[in-house]
Chemist: 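My questions all concern the structure below.
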Amino acid sequence: MNFWNRMSIVKRVNVSFVLLLALIISVGGLGLYQSQKQGTYLHQFTTETSPRMLEVSRMMVVLLNLKAELNQLVHLTLNDDIQSHQDLVLGHHQNYESIEGHLKNAIKR
């Protein structure tokens with residue numbers, strides 16, 4: 001405290017401005033660092049996570065459709081409707097090929 005009292009007012013003002021400038025630069029640097037960090041996270045989300053979530057959503061739609069077709073198959077089996085049963089089995093074969101294609105694409109990524 002004695003050091004501060006011995007300084008002239010001009011030196012006190014200069015030291016205060018230098019400390020204020022150092023504080024502003026450090027806060028600005030921290031803000032810039034956090035902004036770049038958020039930009040990196042956003043880039044990672046848009047390039048990696050979002051397409052994967054889209055693929056998962058598509059696979060969920062396919063699986064829900066297969067579940068509905070399986071329910072129809074069970075219903076047809078219980079009612080012994082052979083022609084409808086054969087048509088449904090052919091439709092399942094095409095859906096399985098579609099799922100296999102989706103899985104191969106997902107694995108490649």
Side-chain angles (χ1 to χ4, degrees):
M1 190 71 175
N2 199 11
F3 172 74
W4 186 258
N5 289 334
R6 280 189 268 150
M7 291 174 57
S8 68
I9 293 183
V10 174
K11 286 184 180 180
R12 287 182 197 174
V13 169
N14 285 339
V15 168
S16 298
F17 278 123
V18 166
L19 290 175
L20 182 63
L21 182 63
L23 179 67
I24 290 172
I25 289 173
S26 64
V27 168
L30 183 63
L32 182 62
Y33 170 73
Q34 290 295 330
S35 174
Q36 288 177 346
K37 192 174 174 182
Q38 291 298 322
T40 302
Y41 289 147
L42 180 64
H43 177 71
Q44 180 182 5
F45 179 77
T46 57
T47 57
E48 295 176 12
T49 308
S50 189
R52 288 181 184 168
M53 292 303 295
L54 181 63
E55 191 65 31
V56 167
S57 296
R58 288 178 182 159
M59 291 171 71
M60 286 298 295
V61 168
V62 170
L63 289 174
L64 288 173
N65 287 337
L66 283 176
K67 181 181 176 185
E69 290 179 9
L70 183 61
N71 287 337
Q72 288 177 354
L73 181 63
V74 168
H75 177 73
L76 292 175
T77 302
L78 292 175
N79 293 335
D80 292 331
D81 188 358
I82 294 176
Q83 182 60 37
S84 297
H85 181 81
Q86 289 173 348
D87 293 341
L88 195 57
V89 168
L90 290 176
H92 281 301
H93 181 68
Q94 292 170 351
N95 283 336
Y96 288 134
E97 289 175 351
S98 172
I99 291 174
E100 184 180 18
H102 283 294
L103 290 174
K104 284 182 181 178
N105 288 337
I107 289 172
K108 288 179 184 176
R109 293 181 189 168

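Computed from a predicted model, the values in this text were never measured in an experiment.
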Chemist: Do the non-hydrogen side-chain atoms of N65 and V61 ever get within less than 4.5 Å of each other?
Modeler: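 Sidechains of V61 and N65: in contact.
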Chemist: Checking S35 side chain against G31 main chain: does a donor-acceptor pair fall under 3.5 Å?
Modeler: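 Absent.
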Chemist: Rounded to the nearest 0.5 Å, what separates atom CG in N5 from atom CE in M7?
Modeler: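 Going from CG on N5 over to CE on M7, the span is 10.5 Å.
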Chemist: From F17 CZ over to I24 CD1, what is the distance, rounded to the nearest 0.5 angstrom?
Modeler: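 Rounded to the nearest 0.5 Å, the CZ-CD1 separation comes out at 10.0 Å.
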Chemist: Report the C-alpha separation of Q34 and K37 in whole Å, then their side-chain angles, then the decisive distance to 0.1 Å, and conclude whether the side-chain contact (heavy atoms from CB on, under 4.5 Å) test is met.
Modeler: CA-CA 5 Å; Q34 290 295 330; K37 192 174 174 182; 4.2 Å; yes
Chemist: Nearest 0.5 Å, what's the CE-CG distance between M59 and L54?
Modeler: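 Nearest 0.5 Å value for the CE-CG distance: 12.0 Å.
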Chemist: Rounded to the nearest 0.5 Å, how far apart are NE2 of H43 and CD of Q36?
Modeler: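 Taking NE2 in H43 and CD in Q36, the distance rounds to 14.0 Å.
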Chemist: If you count every heavy atom of other residues, nucleotides or ligands that lies below 6.0 Å from I9 atom CD1, does the total exceed 12?
Modeler: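 No, not enclosed.
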